[in-house]
Protein chains: 2
Amino acid sequence: MSKRLNISKSTISIVLNGHGDEKRVSKDTQETIIKFAEENNYRANQLARGLSRGKSDMIGLVIPNISDSFYARIARRIETKARLSGYNVIFSSTGESKERESELIESMLDRQVDGLIIASTQQNEEDILRLKKSNFPFVLIDRRYPDIETNFVGVDNVGGVAMAVEQLVKMGRKRIGFITLKPGLEAIHERLVGYQQTMKKFELEVKDGFVHELNYETFDEQMPAVFEIMLNSSNDIDGIVFATHFLTASGLREMKRRKVLVPNEVAIVSFGQMSAFDLVDPPITSIAQPVEDLGGRAVDILLENLKDGITAYKQEMLDSSIEVRKSCGA
Amino acid sequence: MSKRLNISKSTISIVLNGHGDEKRVSKDTQETIIKFAEENNYRANQLARGLSRGKSDMIGLVIPNISDSFYARIARRIETKARLSGYNVIFSSTGESKERESELIESMLDRQVDGLIIASTQQNEEDILRLKKSNFPFVLIDRRYPDIETNFVGVDNVGGVAMAVEQLVKMGRKRIGFITLKPGLEAIHERLVGYQQTMKKFELEVKDGFVHELNYETFDEQMPAVFEIMLNSSNDIDGIVFATHFLTASGLREMKRRKVLVPNEVAIVSFGQMSAFDLVDPPITSIAQPVEDLGGRAVDILLENLKDGITAYKQEMLDSSIEVRKSCGA
DNA sequence: TTGAAAGCGCTACCAT
DNA sequence: ATGGTAGCGCTTTCAA
């Protein structure tokens, strides 16, 4: 292009990057360049541009699993917002593996992403710490490291589960169980705390058989045993809060198998939504997390950091809302 | 690194790219380099590497919407498989906008992706044609351009809908309606054909009020009117096939509102799944598309093209299966 | 067996 | 107002 126009590539670069006026390139030259670029469908090589400028205009998204609707919705919002500011997003799923997470973060850094948004396995202190120490811009979402101060956007898990328990209490339930995952994630821990606090607040007993912490990989197989215990005469559960949308689905399947009447015999509330929960038999009361906002805020914070540097860490806890449907006894 | 080791960067590059033996670099030097790299946590700048090699090891994924579980599942598989071959994926959602699709494709090309996987709006002949003419490696998924020969992986829409209709026929239904989207997508057209052919095969009449083609954006609002017509005395529908999972959900909501008994009064089958369809009241019979395979085959084909060049275009139609549940009258 | 040098396509600084 | 030049960090060819 430079040759065929007899204009130096410096000038061309300036004009094409929109600094023509500012750098006092003559109107004439500017026009010539822009016209030629359009006609020849000229497009800058972003690899070269990135290498030269020391920034790639890409942000990396590291999540457990893009096919989980929770993360997919977040990804959608992140992507849309990022593009408005000229960024593309490159994503990868860790499958909840610490090793993979570590590899993926490395790989994204190799690609010179300008920033990262990470829903961590939360077993990867080293990388997070390293990112922090090197002052690399990143935002943690949904999963936080309690001992590391970083940017973070999550939901109010304690408050969300509190709403769930309260709803069951309002419906007159007293022997309320909690089906959750094995600890390891702060968010999961907080949900347990939310359950315990609220039970205490209403002076309800939490028996041994009330709380079940299942494996992330095998919860489906564990479900029958869980209900065996929850429904036995000594526990005689009349309400259950599920800590995630997929636990709800799994639990409900088991309850159908056992022909447990929901909500008459056992009322349930799900922390987290699924798209057809309103069509389920019975329609599921659920705590709706502000998923899109979560993604949106994460990008906002990241972009601020990219623009102004990392001045202070922001931590935001977004509030959930409850969608009351029949399953809770309403 | 070159300086501190007193080894030229050429040699270093050779060793770090695993060509040490092949290029007869002494064991000693190789060891020194590798050791140093590991200790100092050296990682190559992929922007520079890409610029130099003329390839980025990135593939671009352009889809309508990452938060649609159909595409999210595809994306997951693509990502996983691509990584096994050393590729990262950068994705973007078009929101079914032709303009955005065009921009996104451009943007990915600017980023020097090595190949593209596209679920097109199917209104973007120019770009697809341009890609094809420039011999750029790409694979179309789910949505094809009938007039352009390209790589393509999709599902057998005709056969899938045929299964759906047949199932209803088996259950004794005769006045079977079809709720679908406005034409524009080949896949949607094929589903209609599948419906019509199968109705004909069983010598069932297709009345005017049997087929409804809704807008992609406003199907929810149109649904009441649709059922008004379908359920009136002259049509008196006793079975419905929905052309997509979200139409099913929307239709079912309307039927619940009207207290239509499913399947007694109207039996239904969904083309396409949703995660909780087995928990819905009644459980939904659905045609399960081999979504993961679709993504997998797309990557396979793309990687072949990347490796061997584009020799011939592959078109693959994957078979669906039916998951029979109560909603069809079973 | 190793190194020097050119070049990938761009940006940005310094001259003119 | 415009151009020359030096990189950005890597790969690759050619010499030594």
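Here is the naming used below: chain letters follow the sequence lines, and residue numbers restart at 1 for every chain. What you see is a predicted model, and the numbers here were worked out from it, not measured in a lab.
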Q) To the nearest Å, how far apart are B:Leu109 CG and C:dG9 P? A) 15 Å
Q: Mind calculating the distance between CZ (B:Arg43) and P (D:dC10) to the nearest angstrom?
A: 12 Å
Q: For D:dC8, take OP1 and OP2 only and decide whether either is under 4.0 Å from a side-chain N or O of B:Asn45.
A: no
Q. Nearest of D:dC10, C:dG9, C:dC10 to any side-chain atom of B:Leu51?
A. C:dG9
N/O to N/O distances under 3.5 Å, protein versus nucleotides 1-3 of chain C:
residue : atom : partner : partner atom : Å
C:dT1   : O5'  : B:Arg24 : O            : 3.4
C:dT2   : OP1  : B:Ser26 : OG           : 3.2
C:dT2   : OP1  : B:Thr29 : OG1          : 2.5
C:dT2   : OP2  : B:Ser26 : N            : 2.8
C:dT2   : OP2  : B:Ser26 : OG           : 3.2
C:dT2   : OP2  : B:Thr29 : OG1          : 2.9
C:dG3   : OP2  : B:Ser8  : N            : 3.0

Q: Flag the pair A:Phe91 / B:Phe91 as yes when their ring centroid distance falls below 6.0 Å, and as no otherwise.
A: yes
(Q) How many whole angstroms separate atom CG of A:Leu16 from atom P of C:dT11? (A) 8 Å
**Q.** SB check A:Asp68 B:Arg76 (cutoff 4.0 Å)
**A.** no
Q. For the pair made of CD1 in B:Ile12 and C1' in D:dC10, what is the distance, rounded to whole Å?
A. 11 Å
Q: Compare side-chain N and O positions of B:Ser52 against OP1 and OP2 of D:dT11 and report whether any pair is under 4.0 Å apart.
A: no
Q) Between B:Tyr42 and D:dC10, is there a side-chain N or O to OP1/OP2 distance below 4.0 Å? A) yes
Q.
Output the rounded distance in Å from NZ (B:Lys9) to P (D:dT11).
A. 10 Å
Q) For B:Tyr87 and B:Asp114, which heavy atoms make the closest approach, and how far apart are they? A) CE2-OD2, 3.5 Å
**Q.** Flag for B:Thr29-B:Ser26: side-chain donor and acceptor within less than 3.5 Å
**A.** yes
Q: With the side chain of A:Ala48 defined as its heavy atoms from C-beta on, choose the nearest nucleotide among C:dG9, C:dT11, D:dT11.
A: C:dG9
Q) Looking only at side chains, do A:Gln46 and A:Ser56 share a donor and an acceptor under 3.5 Å apart? A) no
Q | Nearest-angstrom distance from the residue atom CZ of A:Arg49 to C1' of D:dG7 | A | 17 Å
(Q) How many whole angstroms separate atom CD1 of A:Ile33 from atom P of C:dC10? (A) 13 Å
**Q.** Length of the line joining B:Arg53:CZ and D:dC10:P, which is rounded to integer Å
**A.** 13 Å
Q) Considering residues, nucleotides and ligands other than B:Lys35, do more than 12 of their heavy atoms fall under 6.0 Å from its NZ? A) no
Q) Hey, is B:Glu106 close enough to B:Arg130 for a salt bridge, meaning N to O under 4.0 Å? A) yes
